[in-house]
Amino acid sequence: MNTVFDINSLARENVRNLVPYMSARRLGGNGNIWLNANEYPIATDYQLTENTLNRYPECQPTTVIQRYANYVGLTPEQVLVSRGADESIELLIRVFCEPGRDAVLFCPPTYGMYSVSAEAFGVEQKKIPVSANWQPDITAIENNLDRVKLIYICSPNNPTGNLIDPAALRQIIELSRNRAIVAIDEAYIEFCPQHTITHWLQDYPHLVILRTLSKAFALAGLRCGFTLASADIITLILKVIAPYPLATPVADIAAQALTETGICLMRNRVAEIVNNRSYLERELTKLELVENVFPSETNYILVKFTDAEMVFKTLWDQGIILRDQRKQPGLDNCLRITIGSRNECEQLINAINVLSSQTQQIKETENP
């Protein structure tokens with residue numbers, strides 16, 4: 001009698017135990033108002049112009065690199081393009097962290113891929129919770145830098161939406177000098193461009209900045225991200241990156257998005273989203289089921305409800321898909337809401353209003 005072989009026994013132990021990052025698409029849902037992935041609500045209009053699909057693409061497409069360098073005010077040698085900023089997160093671990101010896105450090109609640117990527121590569125994680133105002137705990141970070149080779153800081157932070165105090169960022173970078181890489185994730189910086197720290201790269205050779213075209217550029221489906229760093233760090237990353245990280249159609253559209261016209265369109269989208277964000281913040285604060293609307297510098301807002309589970313499930317069933325953050329440390333009863341079109345924002349407010357009325361009626365029935 002043949003015994004059934006368990007293929008899992010061949011997998012690495014840390015992979016067997018790994019809880020994968022649950023992206024919005026993996027979580028599923030059926031609806032027509034998608035407010036769970038921080039995407040732009042309307043498809044952008046680009047046409048492919050490159051037809052040399054019989055040839056492998058450049059590892060680092062010259063036009064894309066040059067245009068992004070121009071956009072951020074750096075030299076091409078300081079820019080690397082990859083399959084989203086998610087690939088950059090992993091590339092930094094591959095370059096700088098020795099499994100079983102080194103550690104990465106980050107400050108939850110924050111973006112989940114820092115943890116998943118470290119776990120996948122068998123690198124220790126040091127999770128230093130943020131302080132009460134969602135700023136890094138500098139003292140705790142300083143006391144936990146032993147064996148840390150890489151620090152991730154998301155600013156503006158996902159899912160809280162707040163900027164990290166520049167003074168705190170500078171303290172972390174100074175503490176890490178000559179001992180660790182500090183990667184500042186600026187995925188949402190186009191919504192508050194005056195707060196970028198790209199100009200700090202000239203002062204700190206161990207500083208890395210992560211960027212993307214997924215958010216303000218409205219190209220989440222393109223999977224195109226950027227690493228900004230010293231030429232020395234870029235050279236190291238190029239040793240481990242895939243031979244052809246960007247498909248030809250991706251490079252084609254990315255180059256178009258980074259023209260003067262494309263950047264102007266992006267800024268118009270940002271203005272629209274910021275306007276809708278103000279509307280949504282204002283209207284949410286009027287609702288009985290809403291306990292707190294946290295300030296945001298991004299294309300989403302974090303909202304604390306009196307009963308987040310009920311709100312999430314009820315709206316989910318109505319086809320309004322939000323992002324549940326209740327499992328994140330310090331985010332009890334919190335949902336993250338992407339800023340959609342004005343019509344989507346209005347439908348969301350109406351749906352919560354109806355739910356609030358229904359909840360009130362139930363309470364009055366139970367307690368006449």
Side-chain angles (χ1 to χ4, degrees), residues 19-29 34-39 86 89 104-119 125-138 140-141 151-165 168 184-188 191-192 215 277 280-281 283-285 287-316 320-340 345 348-349 351-352 355-356 359:
V19 177
Y21 178 74
M22 295 307 292
S23 67
R25 294 300 168 264
R26 290 182 78 168
L27 287 169
W34 295 90
L35 304 178
N36 65 337
N38 303 338
E39 304 151 316
D86 287 334
I89 292 168
V104 301
L105 184 150
F106 50 91
C107 305
T110 193
Y111 183 42
M113 280 305 296
Y114 309 141
S115 177
V116 171
S117 295
E119 182 67 29
Q125 306 166 55
K126 294 194 177 185
K127 303 177 183 181
I128 310 300
V130 295
S131 57
N133 60 350
W134 286 339
Q135 293 295 321
D137 185 334
I138 303 299
I141 290 173
I151 299 172
Y152 294 109
I153 301 289
C154 191
S155 182
N157 188 44
N158 178 13
T160 55
N162 65 291
L163 280 160
I164 304 304
D165 183 350
I184 308 299
D185 189 340
E186 290 190 343
Y188 299 92
F191 297 96
C192 51
K215 312 304 180 185
R277 185 182 71 202
L280 192 59
E281 289 173 336
E283 295 302 314
L284 282 167
T285 57
L287 303 179
E288 290 186 10
L289 292 176
V290 172
E291 189 172 312
N292 199 356
V293 179
F294 297 99
S296 174
E297 297 285 349
T298 67
N299 66 339
Y300 56 87
I301 50 177
L302 187 71
V303 182
K304 185 171 186 178
F305 290 88
T306 56
D307 187 342
E309 182 178 9
M310 177 192 66
V311 173
F312 179 81
K313 289 183 176 179
T314 303
L315 268 58
W316 176 285
I320 302 175
I321 314 299
L322 310 182
R323 183 73 162 180
D324 191 348
Q325 297 292 336
R326 292 176 299 143
K327 292 183 180 180
Q328 287 255 39
L331 301 187
D332 293 342
N333 270 323
C334 287
L335 303 178
R336 194 192 68 193
I337 304 174
T338 303
I339 310 302
C345 291
L348 171 67
I349 294 298
I352 300 176
L355 179 58
S356 180
T359 303

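Side chains included, hydrogens not; waters and symmetry mates left out as well; all remaining heavy atoms used.
Closest approach of C192 to L163, counting heavy atoms only: SG-CD2, 3.9 Å. For the pair T298 and R277, the tightest heavy-atom approach, listed with the atom from each and the gap, is O-NH1, 2.7 Å. Summarising the geometry of L348 relative to L280, their closest heavy-atom pair is CD2-CD1, 3.9 Å, with the distance given to 0.1 Å. Shown here for T285 and V293, the closest heavy-atom pair between the two residues is CG2-CG2, 3.8 Å. Scanning all heavy atoms of the two residues, the minimum distance from K215 to A37 falls at NZ-O, 3.8 Å. The two residues L322 and F312 make their nearest non-hydrogen contact at O-CE1, 3.1 Å.
The CD atom of Q325 sits 8.5 Å away from atom CG of L335, with the distance rounded to the nearest 0.5 Å. Taking OG1 from T306 and CG from N333, the interatomic distance works out to 7.0 Å, rounded to the nearest 0.5 Å. To the nearest 0.5 Å, atom CG of residue N158 and atom CG of residue D185 are 8.5 Å apart. How far CG of N133 is from CG of D165: 8.5 Å, rounded to the nearest 0.5 Å. If you take CG on N292 and SG on C334, they are separated by 8.0 Å, rounding to the nearest 0.5 Å. The SG atom of C107 sits 7.5 Å away from the CD1 atom of I164 when rounded to the nearest 0.5 Å.
None of P109, P329, P136, P108 except one satisfies the side-chain contact (heavy atoms from CB on, under 4.5 Å) rule with V130; the exception is P109. Just one of Q328, K327, R326 meets the side-chain hydrogen bond (donor to acceptor under 3.5 Å, both in side chains) condition when paired with D324; it is R326.
Side chains of F305 and E291 form no contact here, defined as non-hydrogen atoms less than 4.5 Å apart.
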- Task: Starting from the C-alpha separation in whole Å, work towards a yes-or-no answer on side chain to side chain contact (heavy atoms under 4.5 Å, CB included) for I321 and W316.
- Result: CA-CA 5 Å; I321 314 299; W316 176 285; 3.8 Å; yes
- Task: Show your reasoning for whether side chain to side chain contact (heavy atoms under 4.5 Å, CB included) applies to E119 and V116.
- Result: CA-CA 5 Å; E119 182 67 29; V116 171; 5.7 Å; no
- Task: Go through the steps for L287 and S356 under the test side chain to side chain contact (heavy atoms under 4.5 Å, CB included), then give the verdict.
- Result: CA-CA 8 Å; L287 303 179; S356 180; 5.9 Å; no
- Message: Checking D307 against L289 for the side chain to side chain contact (heavy atoms under 4.5 Å, CB included) test, could you report, in this order, the C-alpha distance in whole Å, the side-chain angles of both residues, the deciding distance, and whether it holds?
- Response: CA-CA 7 Å; D307 187 342; L289 292 176; 5.9 Å; no
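Without hydrogens or angle criteria, R336 side chain to T160 main chain gives no donor-acceptor distance under 3.5 Å. Looking only at distances, no side-chain donor or acceptor of D86 sits under 3.5 Å from a matching main-chain atom of M113.
Taking Y114 as the reference, Y111, Y152 meet the ring pair (Phe, Tyr, Trp, His ring centres under 6.0 Å) condition, with sequence neighbours excluded. Checked against salt bridge (Lys or Arg N to Asp or Glu O under 4.0 Å), E283 has the following partners two or more places apart in sequence or in another chain: K286.
Taking the six-membered ring wherever Trp is involved, the centroid distance between the rings of Y188 and Y300 falls below 6.0 Å.
Side chain to side chain, R323 and N38 fail the donor-acceptor criterion of an N or O pair below 3.5 Å.
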